[in-house]
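Source: prediction; values computed, not measured. All values below come from the heavy atoms of this structure, side chains included, with hydrogens, waters and symmetry mates left out. Residue numbers start from 1 in every chain, and the chains themselves are labelled A, B, ... in the order their sequence lines are given, proteins ahead of strands.
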There are 2 protein chains.
Amino acid sequence: MGRPLLPLISVEALTTAALELVDESGDFSFPKLAKKIGVSQSSIYNHVSGRDEILELLRHRIITEEPYPPVDHSEWEGALRVLIRAYRDAFARHPRLAPLLVLQSITDPAVIGLYEDLALALESAGFSGRDVVAAISTIDSFALGAALDLAAPEVVWDPPAEGYPTLKRALGNAGPSEERGGHAFDFGLDVVIGGLRAKLGGQETRA
Amino acid sequence: MGRPLLPLISVEALTTAALELVDESGDFSFPKLAKKIGVSQSSIYNHVSGRDEILELLRHRIITEEPYPPVDHSEWEGALRVLIRAYRDAFARHPRLAPLLVLQSITDPAVIGLYEDLALALESAGFSGRDVVAAISTIDSFALGAALDLAAPEVVWDPPAEGYPTLKRALGNAGPSEERGGHAFDFGLDVVIGGLRAKLGGQETRA
DNA sequence: CGACTAAACGAAAGGCTTTCGTTTTAGTAT
DNA sequence: ATACTAAAACGAAAGCCTTTCGTTTAGTCG
């Protein structure tokens with residue numbers, strides 16, 4: 001075929017197609033991506049370096065497709081709530097993407113910017129030294145876990161027929177899975193914020 | 001070759017070999033598994049139903065290889081600390097397994113038993129109704145996130161050369177990655193326990 | 001006009017999981 | 001003992017996947 005008059009592939013179109021595949025099927029592959037755009041697999045490598053770059057493009061896309069409002073750093077609790085919720089909502093819109101990003105280094109500037117805002121909020125709250133990274137890790141674990149929960153199979157815990165009465169009762173009280181995820185996130189967000197506040201209370205004047 | 005006088009494969013040996021491969025390379029495959037045991041790929045299917053079953057066997061193995069001490073349900077904070085730490089330590093011994101288990105339903109009775117203990121501890125703390133599952137989810141997110149952190153690339157956040165001063169300063173204070181992970185887990189465990197205590201309204205026993 | 005780059009293509013290498021049919025052995029029932 | 005069934009090995013192959021390579025054609029800059 002040779003080079004076409006107008007490019008058939010763009011990074012934008014590639015990202016859009018890959019995200020649609022992930023939303024539909026939980027994954028994407030070069031054969032399916034190529035078929036969706038109407039080109040051959042190998043042509044894709046003229047625009048991106050490989051699978052990992054597409055994954056990082058997807059991370060950028062979901063974070064930036066719905067920008068979070070400017071954070072007010074004079075109120076650290078509110079700031080943290082906005083940031084954590086923005087992160088979680090990005091994955092809530094595309095739950096099946098979360099498992100694919102777990103192993104990747106985060107390099108996208110827009111996403112790094114979100115972590116910069118997190119670090120600022122934590123410093124303004126009063127954390128310093130290595131506690132800042134520890135707090136970021138805690139928040140990150142919680143947000144990522146909540147995102148993974150949205151992608152998890154409908155039954156995360158599948159106890160055997162006999163025994164485990166307390167867990168089964170708790171699961172019975174949980175309600176439908178969508179509502180369960182929402183409530184669990186709100187609950188967990190309160191726990192994390194409250195726990196951070198308690199940490200500050202206990203060590204107010206420490207350097 | 002036909003059926004051998006003594007079986008060449010056992011579920012135990014399969015699990016051990018798969019875990020070694022995961023520890024060494026971050027994944028396992030049927031060809032590598034077969035080569036390690038000295039059999040052919042297809043023979044493995046005479047002992048397990050497929051890849052997913054092996055993953056669940058691995059989950060069982062790492063949780064049971066170092067049993068946690070009996071929990072004292074009269075002290076919910078201590079009980080939770082023991083359980084969460086047991087979960088995290090299991091993955092700390094095999095960090096690269098965590099990403100592989102993210103998508104799987106949990107069916108193994110020993111692991112379900114750990115969640116039963118979690119549910120008991122939370123009820124004895126005073127949680128009820130759907131808050132029990134919400135609290136389990138929060139704890140699960142945190143523990144899984146901490147486990148994933150151990151498997152993450154040495155640089156989780158890789159900011160561009162320009163900008164992001166607060167995040168970069170925080171990362172500079174974090175110290176070597178192994179110590180960072182340990183401190184972040186201790187910090188996060190305090191946050192989660194403290195946040196749960198705050199949710200209860202502070203009417204429980206004082207520390 | 002010539003050289004170089006960009007962007008498409010097909011083919012192929014080398015991975016992976018799983019299925020299928022075949023062969024040999026073990027256990028069991030008549 | 002003889003047959004029958006189940007267990008456990010094998011090789012081959014189907015059907016996925018990512019990535020590389022060489023080839024072809026179109027645009028661009030001297």
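- Within the 4.0 Å cut-off from OP1 or OP2 of C/dC16, at least one side-chain nitrogen or oxygen of B/Lys32 is found.
- Under 4.0 angstrom from either OP1 or OP2 of D/dA7 there lies no side-chain N or O belonging to B/Arg3.
- Here A/Ser43 does not reach the OP1 or OP2 of C/dA7: none of its side-chain N or O atoms lies under 4.0 Å away.
- Salt bridge present: B/Arg130 and A/Glu179 bring a charged side-chain N and a carboxylate O closer than 4.0 Å.
- Between the P atom of D/dT19 and the CD atom of A/Gln41 lies a distance of 11 Å, rounded to the nearest Å.
- Atom-to-atom, CD1 of A/Ile44 to P of C/dA6 comes out at 19 Å; the value is rounded to the nearest Å.
- You won't find any donor-acceptor pair under 3.5 Å spanning the side chain of A/Asn46 and the base of C/dA6, going by distance alone.
- Taking the side chain of A/Pro31 as heavy atoms from C-beta on, and the options C/dT17, C/dA8, D/dC17, the nearest nucleotide is D/dC17.
- Comparing B/Met1 and A/Phe30 against DNA chain D, the residue whose closest nucleotide sits nearer the 5' end is B/Met1.
- Judged by the 6.0 Å and 45° rule, A/Arg88 forms a cation-pi pair with A/Phe185.
- Taking atom OH of residue B/Tyr45 and atom C1' of nucleotide C/dG21, one finds them 17 Å apart after rounding to whole Å.
- Taking atom CG of residue B/Asp27 and atom P of nucleotide C/dG15, one finds them 15 Å apart after rounding to whole Å.
- The nearest whole Å value for the distance from the CZ atom in A/Arg51 to the P atom in C/dG15 is 19 Å.
- Between B/Asp23 and B/Arg61 there is no salt bridge, since no side-chain N of the basic residue sits under 4.0 Å from a carboxylate O of the acidic one.
- For the pair B/Arg51 and B/Phe28, the distance from NZ or CZ to the six-membered ring centre is under 6.0 Å and the angle to the ring normal is within 45 degrees.
- Minimum atom distance to the side chain of B/Ser42 is reached by D/dG11, of the listed C/dA11, D/dG11, C/dA26.
- Contacts of A/Ser29 with the nucleic acid, taken as non-hydrogen atoms under 4.0 Å apart, involve only primed sugar atoms and P, OP1 or OP2.
- Checked by atom type and distance alone, the side chain of B/Ser124 pairs as donor or acceptor with a backbone atom of B/Ala121 at under 3.5 Å.
- The interatomic distance linking B/Leu33 (CG) with C/dG15 (C1') rounds to 16 Å, in whole Å.
- Map B/Leu6 and A/Pro4 each onto its nearest nucleotide of DNA chain C; the residue landing nearer the 5' end is A/Pro4.
- Ranking D/dA26, C/dT18, D/dT18 by closeness to the A/Leu5 side chain, first place goes to D/dA26.
- Distance, A/Leu21 CG to D/dT18 P: 11 Å, rounded to whole Å.
- OP1 or OP2 of C/dA8 sits under 4.0 Å from a side-chain N or O of A/His47.
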